[in-house]
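Below you'll find the structure, written out as structure tokens, and then a few comments.
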Amino acid sequence: MFRVLKFGGSSVAGATQVSRVLDIVEREAARGRVILVSSAIAGCTDALLGGDPAAIREMKARHADMVRRLFTGSEREELQERLNALFAALWAAPADERVTYGEILSTTLLAAKLETEGYKVRWLDSRDLVVKGDEPETFRRIKKAVEALEADVYVAPGFICREASGKVSTLGRGGSDYTAALYAAAVQAESLQIWTDVPGIMTANPKQVPAARTIPHISYAAALDMASHGAKVLYAPTVAPAMAAGIDIEIRNTFAPDGKYTVIGAAPDPTRWIGVASDKNVIRLVGSLPGFTGGDAPSVTKKKADVPSGASPSAKSDPDGLSGGAHSRGSIGPLFSDQGSVSSGETVAKTLEDAGIKAIEIKEEGNGINFTVKESVLEQALRAIHRAFFQELPVREVNVFIAGDGAVANALIGLIQESAAAVKERSGKVLRVAGRANSRRYGIDLGGAPVIGREGDYIDAVLQAAPKGSLFVDATNSKTLYKRYTDLLQAGIGIVSSNRRSLAVPYAEYAAMHAAARENGAPLRYETTVGAALPILESIARGANSCNEVLSIEAVVSCTLNQILGDYRPGGTSFCSLVKTAAAEGLTETDPRTDLGGRDALRKLLILSREAGVQLEEEDVAIEPVVPSSVLGGSLEQFYAALEAYEPQWAARVQEASEKGFRLRFVSSLEKSAGGYKARIALKEVAPEHPAYYLRGTENAIIVRSAFHPYPLVIQGPGEGAREAASSILNDILR
Ligand code: ASP
Ligand code: MG
């Protein structure tokens, strides 16, 4: 079986490059007989066509240099003499035949080198084998020549041929690719590899569009379309003989032999849009051919005939193969049945318009769109179109493992489903709920449908199952779950928490969690723990991060108390009844004394202060409960009784404040003073000037004073609710 390898001019530009070629040939020769087709060394064809004697002498020097570097001793002398003779013949040849010497020189050198490497080598003279415009005859001759001569590696010049009249000729600029396809078709090669200096056919010319990427698989038709409209990586006439013989064409990079490459084959294109090519100032957006059945574009005949028949459509319209872009396919029926209502032509027009480019003409043609722009904005237009059609935000899938089965967790799951499309559009992310758990059971499913049912340790199971980059959401009220945060963070699993108990831990443990997050590049976010969806922690951290020292924080962040204090009127419903109602509505912590005693406020103050860079501990905070400690003791029943009995004192207290024009608010504060920071939680009388005076319902307010500004930062708004908490968690997930 034969493997046909074609190397372009830049792959044989000098001695270093030739060594890479030898490595590739060695690898392929181990798997079958190789036919190596080569272009002239880079720049040689141009020099020969230009005819400038100085440029041709320079080519002679470059060949001599390669001989010096690649050969030694008598082999070097002998080869140099042969090349000298070839240059003499070149000078003596008619001017229009000189161009054919480039490939003779390069392949003579390559063949000699392969021989010194120990291969049995045969040089095939393409001038005798390739008959211009007569593929059947060409195939016959190549087959016969190869059958007559035994070798490991056959070396054949690309580009050159003979006309039926007997005159030496060429296949057109870039024609070596076509030569390789002719050899491959003639011997029914198992592999046709075009080795070049880019990683295959790309979505655009990388020199014009840096974001271009390799197209791994492309149909013959689309490759032909790209090549016919200016994609230099492949010479258009190459496609037809390979396609007729059913041979895949690989376009590979000599300089990264194991890197990305393109396979051109019979399989239909997987995407609607293939790439963008340009010829002068005409750009073509190349599309796939869904269900294409005929017309004047090539149909895919997968005949594995010994001698493929049929002329290439490109050769028909481009007999000299010199124009590259002249091949035209005409229109093939209804064009753009994209699912959307906007036609692709309109998308192109809109894209150009948005980029500030005026299209001279836009024409839907065949399966693609051609449009003309001023040459000065060609690259700009190419990039805009490429961005619009080939640079969709890469979608990143994020697995979310949720702990907690209460209102917040369930609101979060609902919100993730509801917002999926918008989230994808805005952030390029697809969120997948991969795990769920209550305090006893869990379920994990990377497919996105976990069912709580298994007994066992949820965290261990998450550590087992979660891909790196997953997120763990703590939507529980657990006092101990935070102890596993470090395990998760160390496994590269980020944490989003709405559980303030997890953060209001001794400072050393808080700091250890943050260190684990930093060291493992896994996020640890808990904006929800104070003020639900209000951006409180973020705002404080932002000031602290930019060295804007916090002078004081006043936080009125107990939704429960804000609601109850707002509703209370002396002589109306008793304070105790309001607390009972709030507890029944789930507005308080499970035991309302957590709120009244200041415990919940304390947790929030610890979190707030630490965000401001103050290493506050529980015992640093002076707490005056809303009602005296004596009222708070005993069982829940005893507490309610005591609170009811306390009503007269409470009413008097509120009355006193209101006579002064003040309102009572439960305020957590941190204040810088000479000796450091003072932290306090207490019921305070606030005047109408105070931002917390007008709080409605469960609203929260936070007032931050800093060194740089005379006026405080005030954040006020809804501070509770499962939906708010869920949206805040979602924000942390997406951050
Ligand atoms: N050497 C010729 C050219 O520069 C043929 C080829 O490289 O494919 O056009
Ligand atoms: Mg080429």
Side-chain angles (χ1 to χ4, degrees), residues 4-14 17-18 21 35-52 55-56 58-60 62-63 66 86-87 90 93 96-110 124-127 129-130 132 138 155-162 168-184 192-198 200-201 223-224 226-228 230-242 249-255 264 279 312 314-315 318-326:
V4 176
L5 277 57
K6 180 262 171 178
F7 292 91
S10 53
S11 300
V12 293
Q17 290 85 336
V18 167
V21 169
I35 299 179
L36 188 161
V37 175
S38 178
S39 296
I41 70 170
C44 190
T45 305
D46 286 335
L48 296 177
L49 279 175
D52 173 11
I56 297 174
E58 195 203 313
M59 280 305 137
K60 191 175 176 193
R62 275 186 47 202
H63 281 89
M66 287 169 74
L86 282 171
F87 271 98
L90 184 161
D96 65 339
E97 279 183 24
R98 285 181 186 163
V99 70
T100 60
Y101 281 83
E103 272 71 7
I104 298 177
L105 289 160
S106 66
T107 50
T108 300
L109 191 151
L110 283 169
L124 300 174
D125 194 339
S126 299
R127 290 171 299 191
L129 303 182
V130 179
K132 193 166 179 171
T138 300
V155 179
F159 185 50
I160 60 178
C161 61
R162 203 178 291 273
V168 175
S169 183
T170 75
L171 298 169
R173 293 309 304 268
S176 297
D177 294 349
Y178 180 43
T179 307
L182 293 173
Y183 276 94
L192 168 56
Q193 306 169 9
I194 311 265
W195 290 85
T196 179
D197 55 4
V198 290
I201 300 182
L224 178 60
M226 292 284 287
S228 310
K232 299 258 166 21
V233 59
L234 179 70
Y235 184 45
T238 310
V239 176
I249 309 171
E250 294 173 14
I251 312 286
R252 310 186 59 140
N253 186 356
T254 306
F255 305 102
I264 307 170
D279 194 12
S312 109
S314 301
D318 190 8
D320 293 316
L322 286 169
S323 60

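Just so you know, these numbers come straight off a predicted model, no measurement behind them. Whatever order the structure lists them in is the order used to number ligands and atoms, beginning at 1.
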Strictly by modelled atom types, are Tyr235 and Ser176 linked by a side-chain donor-acceptor pair under 3.5 Å?
no

Taking all non-hydrogen atoms of both residues into account, name the closest pair between Ser39 and Val12 and its distance.
O-CG2, 3.9 Å

One should read off an interatomic distance between Leu105 CG and Leu48 CG, to the nearest 0.5 angstrom, of 7.5 Å

Report the distance from atom OH of Tyr101 to atom SG of Cys44, rounding to the nearest 0.5 Å.
12.5 Å

Just distances here: any N/O of Asp177 and N/O of ligand 1 closer than 3.5 Å?
no

Is there any N or O on Arg173 that sits under 3.5 Å from an N or O of ligand 1?
yes

Within 4.0 Å of some non-hydrogen atom of Ser176, the atoms of ligand 1 are 5 (C), 6 (C), 7 (O), 8 (O)

If we only consider heavy atoms of Gly174, is any one of them less than 4.0 Å away from an atom in ligand 1?
yes

Does Gly9 reach ligand 1, in the sense of a heavy atom lying below 4.0 Å from it?
no

Expected output: side-chain Thr170 to main-chain Ile160 donor-acceptor under 3.5 Å:
no

